[in-house]
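Remarks on the structure that follows.
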Amino acid sequence: MSQDAHFGMVSHLTRRRVLQGSAGLGIALMLERSGVALDAGGAGPIVLDLGGNQWTLHEEGASREVPATIPGSTYTNLLAAKAIPDPFFGENNGKVQWVAEKSWLFERSFDAPDDLHGKESVELVCHGLDTLATVELNGHPLGDCNNMFRTWTFDIKPHLRRGRNQLRIAFNPLNDYVAKQRAAYKEKYGIDLENERSWVRKGPYMWGWDWCRPILTQGIWKKIEIRAYDTRIADVGVFQNHSAGEAVQLEIHATVAGRTSGVHAESRVSLAGQTVATANGAVTNGEAILQVAVADPQLWWPNGMGDQPLYTITVELLDADGKPVDTVTRQIGLRTVEVVPPSADVALHLRVNGLPVFAKGADWIPADNMPTRVTPEILRWYMSQAADCNFNFLRLWGGGYYEEDELFDLCDELGLMLQFEFKFANASYPVKDKQWMDNLREEIEQQTRRCRNHPSIVIWSGNNEIEYFQGYDQLFHDFIGGIVHRLVPGAFYEVGSGAHGSGDIHSWGVWHGNEPVESYLGVEGFVTEFGMQSTPVPMTVRAFIDPADRQSIDSPVMQYHELDGSGHGIEIIMHYTEANFGQAPKDFDDTLWLTDINQAWMMRYAVEHWRRDMPKSMAAAIWQYNDCWPCSTWSMVDWYRRPKTVLHQSRRFFAPILVSGLPDLTSGKADIWITSDAPKNAVGDLVWTVTTADGKVLRQGTKQIDLPARTSWRAEELDLSDLTQSHGTGNLLVWPEVLVDGRTVAQNTLFFGRPKELKLQQPHLTVTTSGGETRYRVVIETDVPALWVWANVQDTDAAYSDNFFDLRRERSAEIQVVLDNPMSPSDFRRKLQIRSVYDVAPEMRA
Ligand code: BMA
């Protein structure tokens, strides 16, 4: 998936409604030629989309001018014009910081169709201005903006001309503004907030974080349009009331803007196109409240626990003659959510539709330093991957930006529960500044209204890791909490995550505390952050680093693309890799692979512990799911969307049924635990085999077992102390497997101590391939146990149905490989590499 493919220009032309009216058609074609899209056919406001490539970007006070596409920013447009080097390559990031220190002007002209003027309200709606912007239409200043998380709406009826109009949006650098605000606040309240992030409502990560360098974008980062109407539906909120076994009561609140006299509202609730309930009602004080009962409710469940039926709520406004004037739809899922506080034996946990759920997943960060490059297709890829890997939970981390509607829709569709975190992280804020708070109120209200109907949002959280400061409670408890409780009655809101006053845990003894992997065994609860760094896969490293800099993992450019606060993250990666897998190989690429395998083993170790520990532990969310540029971090998949070992393995350690255990080096005991997150009880078989490292079977056992739903228990206690004496711990492998109806639902490979204790034989892997073009089937067999076996089509982007698995002598593994681009069978065979940990961990060789 070469990145460029995803920079395709987005077409703004929506022709659907225009074709209904020939007059409309004439206007539309004329406007299409002048680069705006008019949406004027059906019920609803006339909308003129001003996005597209008709803009110019001009550096204030300089001659530099480039064509511009909106949504977009200074960086995306200068990059497209080749006016700056790619900030992601080598050490280029430092060479493009000047852009953020300049003032820039985005400008375009457009023709306004006559029927815009016929409406009572004509507004310029800017869904996202990043960040310090001044908006001007035909020379008339409309307003100053200072919050990238708000929609800014301006009344332009007095200023809009018939025919050609000129729109200019100027963006100013942050420094002066920040310095002025800081000085004024200090002057007035004697409080000095040093952190720039405290002063400007902008994605905190954009100033750089411990996994990315600064890219302070400026630009029109979301849709910009002219909206004309007499009456419109401004917002729809849907509130659910579930009482056991009966219909679900829905209360639909439709907020109406513009003229309300003579209009009334109708709503329809449908499932898979079938209407299941309707209601209608008057509009009073700008609001219609409609009550409906949904009989035989189809409940929404998290991934792995059931389906995700989504109901469509359609709200229509009709005028006195019964003619529709506006229609809005929302998608909801019928479900109840509780967050149960911790008790003696049970951690803080989620209950969905009355059933406890172990939250499995990761922390989501922005998918790009330049947010406008993140397309719906990219979001769909990440969310589908997460669901395929048995995630049921993602935390939308507080240091990014509020995500697009598409992300929430995808999580509703895929059953990915979300911890929605407001965008505050690791700083204190000027709570005493009334203007700052008023600005914030708009942001929090708009974002809460926009996201509140999504069934996927199960936890609302005020911030990331903010320690107490003067005004903390006022801001996070009273102010933000107050808005959430008012707009989403009954929702669970916690003031913050991982610090003051929060119930969830950020476990950083490993990595930041330099503690060994075994220290995870001392942590339990609702864990929403823990992590281990690794480098990206070799193909990604080759994309951001010159061959000359690929001699060693700690070359200057490799260091430049690793940003742990310690300043020596690469060393920490190697410390843990060698502590667990022994001395690193000489080869550069092999070292990269081994750091990935190490990260995966450590995350598996932690997750398996917390899942065995259920219900004393009820969540395991890995820091971090993704990256926003190519670099070495805690991510499970890199910016090019190339999965790391840990993502492949998460499909197994997050699977509904898990079989795991930690054979004990001292006692020679090897307990086998089974954890079921399955929604229903089942019956199955536990089969286990103990072999030597070269595959000789020493002992076997099998027994029928119950698999009670949502339970973790020790299913077998093996005393292998005699075998550890006779064969040595490094020469023993325990292979537990759980079968239901004869089908393997879980398997694992257990060994004593850390991987480096193992003394493996060199596996001779037999590979058979078939297929052609982009789809290939690969069958792998081995003569001795082969651990962490992986397939890699060199220098080729491909999706693997499975990877980094363990293989026993008497078994074969079959994987499907789907290439981004067609390849001949002979080239595929030539480029296909099948390797195992034996190839990259010299100390694990017997
Ligand atoms: C936690 C997160 C992030 C950070 C990560 C790794 O603090 O909340 O802020 O990137 O640890 O250090």
Side-chain angles (χ1 to χ4, degrees), residues 10-18 20-21 23-56 68-72 105-130 133-145 150-171 219-235 256-259 317 325-328 372 446 450:
V10 184
S11 79
H12 295 301
L13 303 176
T14 52
R15 289 191 190 83
R16 173 173 46 80
R17 288 208 190 140
V18 172
Q20 285 158 355
L25 181 60
I27 294 169
L29 289 177
M30 181 266 291
L31 293 166
E32 189 170 294
R33 262 193 298 285
S34 70
V36 292
L38 175 70
D39 195 343
I46 301 174
V47 174
L48 191 63
D49 183 346
L50 296 175
N53 53 14
Q54 307 293 313
W55 291 78
T56 57
T69 296
I70 296 299
L105 177 67
F106 285 86
E107 188 167 18
R108 69 157 298 163
S109 62
F110 64 91
D111 293 318
D114 293 346
D115 53 0
L116 282 181
H117 297 274
K119 295 291 179 183
E120 286 173 26
S121 304
V122 186
E123 300 164 334
L124 174 69
V125 185
C126 308
H127 291 272
L129 297 177
D130 172 13
T134 303
V135 185
E136 197 189 273
L137 180 66
N138 300 330
H140 299 282
L142 298 178
D144 292 328
C145 313
R150 281 175 61 175
T151 295
W152 296 86
T153 304
F154 303 100
D155 171 14
I156 57 167
K157 189 158 176 81
H159 310 305
L160 191 68
R161 291 194 195 121
R162 294 185 182 278
R164 179 93 347 167
N165 289 266
Q166 196 66 19
L167 181 58
R168 294 158 59 93
I169 305 184
F171 290 88
I220 304 163
W221 76 296
K222 286 188 183 273
K223 264 189 325 185
I224 183 164
E225 58 198 13
I226 292 180
R227 178 173 62 198
Y229 59 94
D230 298 331
T231 310
R232 74 182 179 94
I233 299 171
D235 182 39
V256 179
R259 187 195 328 138
L317 273 188
V325 291
D326 196 10
T327 306
V328 160
T372 54
Q446 287 180 7
R450 177 174 72 94

If you take all heavy atoms of [X] and [Y], which pair is closest and at what distance?
| X | Y | value |
| --- | --- | --- |
| R161 | N165 | N-OD1, 2.8 Å |
| P45 | R232 | CG-CB, 3.8 Å |
| D155 | H159 | O-CD2, 4.1 Å |

Non-hydrogen side-chain atoms of [X] and [Y] separated by less than 4.5 Å:
| X | Y | value |
| --- | --- | --- |
| V135 | L167 | yes |
| R150 | W152 | yes |
| I220 | L129 | yes |
| N138 | Q166 | yes |
| I226 | I46 | no |
| L48 | L50 | yes |
| R450 | T151 | no |
| T153 | R227 | yes |

Would E225 and H127 count as a side chain to side chain contact (heavy atoms under 4.5 Å, CB included) if you check the C-alpha gap in whole Å, the side-chain angles of each, and the deciding distance to 0.1 Å?
-> CA-CA 8 Å; E225 58 198 13; H127 291 272; 2.9 Å; yes
Trace of the side chain to side chain contact (heavy atoms under 4.5 Å, CB included) decision for D230 with V325 | CA-CA 9 Å; D230 298 331; V325 291; over 6 Å; no
NZ/NE/NH1/NH2 to OD/OE distance under 4.0 Å, D49 and K223 |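 Looking at K223 together with D49, the answer is no, because their closest N to O distance does not fall below 4.0 Å.
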Quick one: pull up [atom1] in [X] and [atom2] in [Y] and give me the separation to the nearest 0.5 Å.
| X | Y | atom1 | atom2 | answer |
| --- | --- | --- | --- | --- |
| L142 | E123 | CG | CD | 12.0 Å |
| L160 | K119 | CG | NZ | 14.5 Å |
| L116 | I156 | CG | CD1 | 7.5 Å |
| D130 | K222 | CG | NZ | 11.0 Å |
| R168 | F106 | CZ | CZ | 13.5 Å |

Apply the salt bridge (Lys or Arg N to Asp or Glu O under 4.0 Å) test between R162 and each candidate in D111, D115, D114; give the one that qualifies.
->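 Among D111, D115, D114, the one meeting salt bridge (Lys or Arg N to Asp or Glu O under 4.0 Å) with R162 is D114.
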Look only at the side chain of D326 and the backbone of L317, and say whether a donor-acceptor pair between them is shorter than 3.5 Å.
-> no
Determine yes or no for a side-chain-to-main-chain donor-acceptor pair under 3.5 angstrom, with D235 supplying the side chain and I233 the backbone.
->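 Not confirmed, D235 side chain does not pair with I233 backbone.
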